[in-house]
Amino acid sequence: MRSAKLPQVGVVIPNYNNAAYVAEAIESAAHQTISNIQVVVIDDASTDNSDEVIRETLAKLADPRFRYIRLETNCGQTGAVRQGIAELETPFLCFLDSDDVWYENFIECHLAAHMNTDFPVGFTYCDSHFINGNSELVASTAWWFERPYDDPSHRPVCPGKLPRIDIKAARAEFPPNPTIVVHAEWSPTWSSNSTAAMMFRRDIVMLALPPDDKELRLYLDFYLSTFICLLVGAIAIHDALYCYRMHGKNKHSDGLVLGGTSQTSRKNFSPISRRVMELILTVMLERKGEIIELLDFDRYDQAVRALRQAISREGPPSLRRRMFSSMRRMRRSLGI
């Protein structure tokens with residue numbers, strides 16, 4: 001069996017006022033099965049006791065793979081991540097939100113997906129479990145993750161989708177899901193997941209990052225995933241390899257886990273998505289020559305056309321609305 005040396009992976013953990021959770025995020029990075037990593041923790045001028053918690057956590061770990069930078073001025077998500085990237089020279093990058101938690105095989109599974117022999121992509125992303133502020137499991141999938149638009153409203157649930165309940169330990173144990181899906185092209189109906197779900201090739205991140213951090217203080221995940229999928233595609237890993245925390249003070253996800261297709265945020269995402277896509281288009285137009293040189297004109301032109309079409313429709317419609325429309329069409333076709 002042929003083998004090759006794995007690349008080193010860089011991890012940036014940007015933190016702002018997540019003192020209650022940042023230690024758990026740091027520890028989850030430290031306990032990865034892949035040990036060849038470099039981790040930079042960036043505190044974005046927090047006003048709580050994050051600095052103290054981070055220093056204590058790193059002192060206990062005493063792990064030379066970790067380093068810490070505290071910013072004196074808050075610069076937002078993109079600025080904090082950029083500061084972390086500048087400390088790394090690794091060919092692959094991950095950005096772990098400081099209130100989320102990786103399972104120990106997160107990096108291992110993402111590297112395996114990147115190294116598939118079918119099609120190389122710019123980034124990989126995975127499904128997620130949802131936990132609350134007490135780290136208790138409240139949902140076992142992101143309902144929008146790779147959800148077929150023609151999903152019937154009434155359907156059996158495969159037994160393989162149920163966790164095994166360890167009664168003594170009071171824990172749910174999930175079997176691995178080896179399914180991965182290539183998305184070689186972007187469409188407005190496609191959706192990935194949050195920042196902590198992703199692993200990127202460094203070179204495409206550097207090509208994509210906006211020139212001004214102030215233009216993108218939040219929603220770096222939506223920006224990068226859209227920009228990169230438009231140009232070089234993505235791979236979805238159907239395993240839930242991390243926990244997304246809904247604790248009531250999330251910067252975006254201020255909604256409730258109600259079940260069904262409830263939204264994670266109370267915010268109207270349509271104007272947000274439009275603004276982010278307009279920024280992506282601006283950056284692509286400014287970097288036209290570089291993108292065409294690295295890829296080709298046809299892919300660049302396809303990406304710009306797709307963006308302009310999506311923007312002209314005032315941003316992509318919500319996934320929930322698209323799914324409900326598909327279900328209504330299906331019911332009409334069945335006469336129900």
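What's counted below: heavy atoms across the whole structure, side chains too, no hydrogens, waters or symmetry copies.
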Undergrad: Apply ring-ring contact (aromatic ring centres under 6.0 Å, His included) to W186 and F123, showing your working.
TA: CA-CA 13 Å; W186 179 85; F123 81 103; over 10 Å; no

Undergrad: Run F92 and H110 through ring-ring contact (aromatic ring centres under 6.0 Å, His included) and show every step you take.
TA: CA-CA 10 Å; F92 286 86; H110 277 268; over 10 Å; no

Undergrad: Measure up the Y103 and H129 rings against each other and bin them: parallel (under 30°), tilted (30 to 60°), perpendicular (over 60°).
TA: perpendicular

Undergrad: When rounded to the nearest 0.5 angstrom, what distance separates CG in L61 from CD in E27?
TA: 6.0 Å

Undergrad: Quick check on ring pair (Phe, Tyr, Trp, His ring centres under 6.0 Å): which of F200, Y223, W102 does F95 satisfy it with?
TA: F200

Undergrad: Is a side-chain donor or acceptor of D43 paired with a backbone partner of S46 at a separation under 3.5 angstrom?
TA: yes

Undergrad: For E104 and Q32, work out which heavy atoms get closest and say how close.
TA: O-OE1, 3.1 Å

Undergrad: Starting at CG of L207, measure out to CZ of F227 and round the result to the nearest 0.5 Å.
TA: 5.0 Å

Undergrad: Any donor-acceptor pair under 3.5 Å linking the side chain of D48 with the backbone of A19?
TA: yes

Undergrad: Specify the closest pair of heavy atoms between P176 and P178, including all atoms of both residues, with the distance to one decimal.
TA: O-CD, 3.7 Å

Undergrad: Within a reach of under 6.0 Å around CD of E89, are more than 12 heavy atoms found that belong to other residues, nucleotides or ligands?
TA: no

Undergrad: Rounded to the nearest 0.5 Å, what separates atom OG in S98 from atom OH in Y16?
TA: 11.5 Å

Undergrad: What's the shortest heavy-atom distance between F145 and S192, and which atoms?
TA: CD1-O, 4.5 Å

